[in-house]
Amino acid sequence: MSSKLLRGTFVLTSGTFISKFLGLFYVIPFFALVGNEGTALYNYAYIPYTIFISIATAGIPASVSKFISKYNAIEEYAVGRKLFKTGLVLMAITGIISFLILYIAAPTLAAMVITDPDFIDHMADVTTVIRAVSFALIIIPFMSIIRGFFQGHQTMEPTAVSQVVEQIVRIAFVLAGAFIVLKVAQGSLVTAVSFSVFAAFIGGLGGLAVLLWYWVKKKPMFDELLLQDRRTMDISVKDIYKEILLYSIPFVLVGIANPLFQFIDQLTFNPTMVSIGYAFNDAEYAFSILNFQSQKLVIIPVSLATAFSLTLIPAITKSYTEQDQLGLNRQLNQTFQVLTYLTLPAALGLSLLAEPFYTVFYKPDALGTEVLEAYAPIGMLFALYAVTAAILQGIDAQKFNILSLLVGILIKLSLNIPLMKMMETKGAILATAIGYSTAILINLFVIKAFSKYRFRLVFRRGILIIIFTAIMYFVTKLVYSLLTLFLSPDVKIEALIIVIICALAGAGVYFFLGLKSKLVNFLFGARVDRIKQKLRLKI
């Protein structure tokens with residue numbers, strides 16, 4: 001893996017992680033302000049919004065990145081610039097149309113999730129919140145093509161910084177809006193949540209400002225590339241968008257994979273739970289725990305995969321286009337190993353420490369602990385799916401992304417209700433796990449067939465990573481058992497102490513084993529030696 005790819009991965013990983021980190025920790029004060037009812041209302045709006053935003057952007061950052069990377073590799077820089085100029089207009093139009101559709105469709109979407117006639121007023125509340133979030137669709141697609149242009153030139157800093165700024169502005173508005181409405185103006189919960197979801201639009205303005213600043217700063221560099229253009233190809237706008245459309249359809253489906261799985265829960269969860277004897281309020285409470293509280297925690301390991309999926313595409317496309325089999329194998333080897341090394345212990349550690357984690361972020365809750373414990377390992381599947389789907393894009397096998405996702409979705413649809421009737425909330429989690437696992441297996445089979453990649457090295461290293469993770473798990477469990485003899489995971493400050501000590505113990509053992517076995521050196525290269533020198537480690 002080239003140093004440029006590693007730098008790009010590190011920058012975008014850092015930006016994505018900081019953004020996800022902020023997106024995780026704001027839920028502590030937000031939950032304290034709006035409670036379970038507020039988070040359920042928030043989620044009713046955000047899941048369809050996420051689907052719409054993925055469709056509105058049409059996978060633009062990733063597909064534009066791939067398109068520009070492809071033509072830059074053959075020094076046809078003007079083709080990418082033509083796409084960028086026309087794309088800005090197209091994305092502005094797409095955003096406005098998407099906003100209008102979601103705004104008008106809000107009552108219909110609300111009626112699909114609030115099926116109990118005794119809660120007809122709640123349907124109006126859901127409509128209001130969905131309409132409040134729809135305004136963000138006006139600006140986010142416009143941002144997406146700018147990010148895709150930068151990423152296509154393997155310039156990841158603008159995307160990373162704009163993501164962080166967008167998140168900071170959004171979270172500040174979420175918390176300030178909810179606090180002012182509820183605590184200062186003594187307003188309603190619906191108004192508070194409406195302000196909170198409208199923050200997506202305000203955050204978008206902040207992210208756009210950053211991207212425009214970077215454009216002004218880096219435009220001279222991009223103009224210099226135009227002077228080096230070979231000018232041997234004159235591709236029409238029609239042909240450009242035909243190619244982009246072929247790229248973007250699989251990207252759209254990959255981008256909405258997780259929201260689609262959540263949307264299936266949103267449509268089926270409450271009616272199914274009511275049908276097996278739950279009151280509607282209790283069903284909505286469990287839905288909030290599953291699709292907001294637990295989801296926010298589980299999604300953290302996926303942040304690394306998201307960054308990889310963005311940075312992999314230009315590099316893998318380049319190796320595949322140039323038929324550099326050795327370089328392609330090296331990139332795939334390192335990607336799968338690093339992904340497994342970082343996400344597997346994170347997912348299992350979160351499952352082990354589910355009770356104190358849930359207390360720290362929300363409040364002591366037996367159902368919350370139970371759901372998080374079962375849901376946490378699914379984060380590994382989320383991460384693996386995102387990366388395998390990105391690899392398929394890079395090797396021009398994107399049509400199989402459609403196949404794998406459709407199969408996964410059909411399995412989720414088929415199993416969700418029967419498994420929930422058997423296992424309640426855990427049934428929805430199991431249906432998600434089976435759906436994602438099937439999609440991943442299809443992706444891996446296609447990667448092997450198209451790229452002639454062999455998984456032998458990943459398999460061998462994977463066994464070593466599993467052994468290290470098992471040792472880490474048992475050490476952490478031992479420390480956890482000792483701490484709970486005199487600290488309670490039901491008390492916030494004590495739960496925080498448990499989490500910190502257990503995390504340090506587990507991570508310390510895990511990385512010690514990685515350093516001692518030289519596995520970390522194989523995965524991260526010379527940077528490990530430089531870090532060891534700075535820390536004066538002699539392992």
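Residues: numbered from 1 along the sequence shown.
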For residues 84-91, tabulate all N or O donor-acceptor pairs below 3.5 Å that involve a side-chain atom, not counting sequence neighbours.
from, atom 1, to, atom 2, distance (Å)
Thr86, OG1, Lys82, O, 3.1
Thr86, OG1, Leu83, O, 3.2
Thr86, OG1, Tyr241, OH, 2.7

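- Atom CZ of Phe400 sits about 4.0 Å away from atom CZ of Phe450, to the nearest 0.5 Å.
- Judged as a side-chain hydrogen bond (donor to acceptor under 3.5 Å, both in side chains), and not counting sequence neighbours, the contacts of Lys219 are Asp223.
- The nearest pair of heavy atoms linking Thr50 to Pro259 is CG2-CG, 3.2 Å.
- Cation-pi geometry between Arg454 and Phe459 is not met at under 6.0 angstrom from the ring centre and within 45 degrees of the axis.
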For residues 430-448, tabulate all N or O donor-acceptor pairs below 3.5 Å that involve a side-chain atom, not counting sequence neighbours.
from, atom 1, to, atom 2, distance (Å)
Thr432, OG1, Lys412, NZ, 2.8
Thr432, OG1, Ala428, O, 3.1
Tyr436, OH, Asn258, N, 3.3
Tyr436, OH, Asn258, ND2, 3.3
Ser437, OG, Ala433, O, 2.7
Thr438, OG1, Ile434, O, 2.8
Asn443, OD1, Ser404, OG, 2.9
Asn443, ND2, Thr388, OG1, 3.1

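- Here the two rings, on Phe52 and Tyr49, have centers that are 6.0 Å apart or farther.
- A 4.5 Å side-chain heavy-atom check between Gln337 and Leu457 finds at least one atom pair inside the cut-off.
- Side-chain atoms of Ser144 come within 3.5 Å of backbone N or O of Pro141 as a donor-acceptor pair.
- Between Tyr453 and Phe455, the gap from one ring centroid to the other is short of 6.0 Å.
- Annotation for Pro48 and Gln266: closest pair CD-NE2, 3.9 Å, computed over non-hydrogen atoms.
- Using a cutoff of 4.0 Å between basic side-chain nitrogens and carboxylate oxygens, Glu157 and Arg147 are not scored as salt-bridged.
- The backbone N or O of Tyr341 sits less than 3.5 Å from a side-chain atom of Tyr510, completing a donor-acceptor pair.
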Notebook entry, point to check: Can you list the steps and then say if Tyr46 with Phe292 is a side-chain contact (heavy atoms from CB on, under 4.5 Å)?
Noted result: CA-CA 10 Å; Tyr46 243 86; Phe292 184 85; over 6 Å; no

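- Residues Ala383 and Thr343 approach most closely at CB-CG2, 4.1 Å, considering heavy atoms.
- Applying the side-chain hydrogen bond (donor to acceptor under 3.5 Å, both in side chains) criterion to Gln293, with sequence neighbours excluded, gives Asn36, Thr39, Ser288.
- Atom CZ of residue Phe468 and atom CZ of residue Phe511 lie 12.0 Å apart, to the nearest 0.5 angstrom.
- Arg330 CZ to Thr335 OG1: the interatomic distance, rounded to the nearest 0.5 Å, is 11.5 Å.
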Next item on the list: Show your working on side-chain contact (heavy atoms from CB on, under 4.5 Å) between Leu352 and Leu348 and close with a plain yes or no.
Entry: CA-CA 6 Å; Leu352 174 62; Leu348 293 184; over 6 Å; no

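- Pairing each heavy atom of Val499 with each of Leu353, the nearest pair is O-CD1, 4.4 Å.
- Within the structure, no pair that satisfies the salt bridge (Lys or Arg N to Asp or Glu O under 4.0 Å) test touches residues 376-391, not counting sequence neighbours.
- Evaluation of the salt bridge (Lys or Arg N to Asp or Glu O under 4.0 Å) test over residues 369-378, restricted to residues two or more places apart or in two chains, returns Glu370-Lys426.
- A 4.5 Å side-chain heavy-atom check between Met143 and Leu211 finds at least one atom pair inside the cut-off.
- How far CD1 of Ile146 is from OG of Ser162: 9.0 Å, rounded to the nearest 0.5 Å.
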Next item on the list: I would like to know whether Gln167 and Tyr26 meet side chain to side chain donor-acceptor pair (under 3.5 Å); could you show each step before the answer?
Entry: CA-CA 10 Å; Gln167 189 74 297; Tyr26 92 93; over 6 Å; no

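- The OG atom of Ser98 lies 12.0 Å from the CD1 atom of Ile140; values are rounded to the nearest 0.5 Å.
- Summarising the geometry, atom CD1 belonging to Ile139 is positioned 4.5 Å from atom CG belonging to Leu208; distances are rounded to the nearest 0.5 Å.
- Using a 4.5 Å cut-off on side-chain heavy atoms (C-beta onward), Lys452 and Asn329 make no contact.
- Minimum heavy-atom separation, Ser294 to Val371: OG-CG1, 3.5 Å.
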Checklist line | Step-by-step side-chain contact (heavy atoms from CB on, under 4.5 Å) determination, Leu519 to Ile465 | finding: CA-CA 9 Å; Leu519 176 61; Ile465 291 170; 3.8 Å; yes

Checklist line | From CA spacing to verdict: side-chain contact (heavy atoms from CB on, under 4.5 Å), Phe382, Phe261 | finding: CA-CA 11 Å; Phe382 292 161; Phe261 274 78; over 6 Å; no

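- Closest non-hydrogen pair, Gln262 versus Asn43, comes out as NE2-ND2, 4.5 Å.
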